[in-house]
Amino acid sequence: MRIAVIANKAPKSIKVAAELREKLAEASFELTLDQPNVVITVGGDGTLLNAFHSYVNELDKIRFIGVHTGHLGFYTDWRDYELDYLVESLKKDNSQSVSYPLLNITLIYEDDTKNKTFLALNEVTVKNLNRTMVAEVLIKDELFEKFRGDGLSVSTPTGSTAYSKSLGGAVIHPRVNAMQLNEVASINNRVYRSLGSPMIIAKDEWITLELDRGESYQVHIDHLVTTEENLVSIKVELAEQRIQFASYRHTHFWRRVNDAFIGELRGQE
């Protein structure tokens with residue numbers, strides 16, 4: 001088994017990653033950043049997001065494992081003091097995994113030869129840099145609403161616990177193959193009317209955001225941020241690819257939600 005260990009820059013994460021590499025080497029695993037079978041991240045969800053985008057072109061060959069060194073993350077099943085148990089689980093590996101949906105995002109420009117495609121694990125968000133954003137929202141190429149406000153965001157089920165939740169979106173179990181559209185501070189008047197509620201979009205549907213031309217837009221794809229000129233529309237759909245997590249001990253999703261948001265109440269009368 002070829003294993004990559006990737007840590008963030010926090011001193012504790014660097015120390016834990018070094019200990020983990022030593023234990024893996026003693027167990028005769030091959031440590032490499034080149035074409036690994038398993039990627040182990042040490043840190044938090046941000047570290048795993050970085051690793052996901054680093055290996056986005058190899059998702060069919062890689063399973064991810066997260067070790068968290070701080071607060072509980074949604075993509076991290078192991079604690080920093082459980083390294084011996086993790087190594088033992090790797091020794092008994094039989095390629096078991098659980099997969100989560102991803103977004104396929106296409107940025108479409110006035111010159112369509114410059115179109116770009118991305119995958120997202122959490123969400124894509126678009127905002128106008130200079131003024132209130134205006135966009136037509138199409139579902140399966142049919143106009144649904146004309147939006148005016150700060151921006152629009154589309155999330156995966158796992159991304160529903162991130163920015164989407166702060167926008168008032170629903171928390172969606174990752175086994176649900178759907179995506180969620182959220183408005184960012186919409187404005188409703190006689191000219192612009194939007195639903196004003198989160199929308200759950202089925203797996204065989206897609207969203208197209210038709211944007212005003214001649215504007216500058218800021219596009220957030222997970223933790224990546226880019227400024228775009230001459231952008232005319234964004235198409236978002238569920239990707240054919242999925243992210244695979246090694247499921248030696250995969251924490252129940254609703255326990256993650258409880259631990260992240262209301263865990264301090266557990267055990268109280």
Side-chain angles (χ1 to χ4, degrees), residues 45-46 48-57 59 74-75 100-109 112 114-129 132-141 144-145 147-172 174 176-186 194-195 197-213 215-243:
D45 285 347
L48 195 137
L49 279 171
N50 276 318
F52 163 76
H53 284 280
S54 295
Y55 291 100
V56 73
N57 295 319
L59 295 180
F74 279 91
Y75 299 119
Y100 289 165
L102 303 171
L103 296 180
N104 188 71
I105 302 148
T106 304
L107 304 185
I108 301 168
Y109 300 86
D112 61 10
K114 298 181 179 180
N115 294 353
K116 302 174 186 175
T117 302
F118 301 87
L119 290 178
L121 179 54
N122 274 357
E123 74 274 313
V124 55
T125 302
V126 58
K127 298 179 179 180
N128 189 319
L129 279 176
T132 300
M133 192 179 90
V134 175
E136 291 186 342
V137 178
L138 291 81
I139 310 294
K140 292 187 70 174
D141 296 331
F144 177 78
E145 65 181 18
F147 171 85
R148 183 181 179 91
D150 285 356
L152 289 162
S153 183
V154 183
S155 68
T156 64
T158 47
S160 70
T161 58
Y163 185 47
S164 173
K165 185 176 182 298
S166 72
L167 297 174
V171 175
I172 303 174
V176 178
N177 289 322
M179 54 186 173
Q180 182 169 192
L181 174 65
N182 284 297
E183 300 175 356
V184 185
S186 61
S194 58
L195 185 63
S197 298
M199 296 173 61
I200 309 300
I201 308 298
K203 64 180 180 179
D204 60 345
E205 298 181 330
W206 60 93
I207 300 168
T208 305
L209 308 178
E210 297 285 354
L211 306 172
D212 272 4
R213 301 197 178 196
E215 300 285 347
S216 296
Y217 293 95
Q218 188 175 77
V219 180
H220 300 246
I221 298 171
D222 291 338
H223 63 297
L224 309 174
V225 182
T226 177
T227 300
E228 300 292 341
E229 308 287 342
N230 303 313
L231 186 63
V232 297
S233 64
I234 300 175
K235 182 179 179 181
V236 188
E237 57 194 332
L238 284 179
E240 292 182 5
Q241 304 96 315
R242 294 170 68 91
I243 186 171

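Using a 4.5 Å cut-off on side-chain heavy atoms (C-beta onward), Leu59 and Leu102 make contact. A 4.5 Å side-chain heavy-atom check between Trp206 and Asp141 finds at least one atom pair inside the cut-off. Put simply, the side chain of Val219 reaches to within 4.5 Å of the side chain of Leu231, judged on heavy atoms. Between Leu195 and Phe144, the closest side-chain pair of non-hydrogen atoms falls below 4.5 Å. When side chains are defined from C-beta on, Leu107 counts as touching Phe118, because their heavy atoms get closer than 4.5 Å. Using a 4.5 Å heavy-atom cutoff, the side chains of Leu238 and Leu103 are in contact. Side-chain contact between Asp45 and Asn122 is absent, with no heavy atoms from C-beta onward closer than 4.5 Å.
Scanning for side-chain hydrogen bond (donor to acceptor under 3.5 Å, both in side chains) contacts around Gln218 gives His220, with sequence neighbours left out. Checked against side-chain hydrogen bond (donor to acceptor under 3.5 Å, both in side chains), Arg242 has the following partners two or more places apart in sequence or in another chain: Ser99, Asn177. With sequence neighbours left out, the salt bridge (charged side-chain N to carboxylate O under 4.0 Å, His left out) criterion links Lys203 to no other residue. Asp112 is linked by a side-chain contact (heavy atoms from CB on, under 4.5 Å) to Asn115, counting only residues two or more places apart in sequence or in another chain. Under the rule for a salt bridge (charged side-chain N to carboxylate O under 4.0 Å, His left out), the partners of Glu228 that lie at least two apart in sequence or sit in another chain are Lys116. Residues passing the side-chain hydrogen bond (donor to acceptor under 3.5 Å, both in side chains) test with Glu183 are Ser186, Ser194, sequence neighbours excluded. With sequence neighbours left out, Glu136 forms a side-chain contact (heavy atoms from CB on, under 4.5 Å) with Leu138, Leu143, Lys146, Glu210. Evaluation of the side-chain contact (heavy atoms from CB on, under 4.5 Å) rule for Ala202 yields Asp204, Glu205 as partners, not counting sequence neighbours. With sequence neighbours excluded, the residues satisfying side-chain contact (heavy atoms from CB on, under 4.5 Å) with Thr106 are Asn104, Ile108, Thr117, Lys235. Taking Thr208 as the reference, nothing meets the side-chain hydrogen bond (donor to acceptor under 3.5 Å, both in side chains) condition, with sequence neighbours excluded.
The minimum heavy-atom distance between Gly169 and Pro198, with the atom names listed, is CA-CG, 3.8 Å.
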Return a table of donor-acceptor pairs under 3.5 angstrom between the side chains of residues 157-167 and protein atoms on other chains or two or more places apart.
residue	atom	partner	partner atom	Å
Thr158	OG1	Tyr75	OH	3.1
Thr158	OG1	Leu121	O	3.3
Thr158	OG1	Thr156	OG1	3.1
Ser160	OG	Pro157	O	2.5
Ser160	OG	Ile172	N	2.9
Thr161	OG1	Thr158	O	3.1
Ser164	OG	Asn182	ND2	2.7
Ser166	OG	Tyr163	O	2.6

Show every donor-acceptor pair shorter than 3.5 Å between a side-chain atom in residues 48-55 and any protein atom, with sequence neighbours excluded, or say none if there are none.
residue	atom	partner	partner atom	Å
Asn50	OD1	His223	NE2	2.6
Asn50	ND2	Gly46	O	3.3
His53	NE2	Asp222	OD2	2.7
Ser54	OG	Asn50	O	3.0
Tyr55	OH	Leu33	O	2.8

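Here the straight-line distance linking atom CD of Gln180 with atom CD1 of Ile207 works out to 9.5 Å at 0.5 Å rounding. Rounded to the nearest 0.5 angstrom, Asp212 CG and Asn128 CG are separated by 8.0 Å. Note that CZ of Arg148 and CE of Met133 are 11.0 Å apart. Values are rounded to the nearest 0.5 Å. One finds the CD1 atom of Ile139 at 4.0 Å from the CD1 atom of Ile201 (value rounded to the nearest 0.5 Å).
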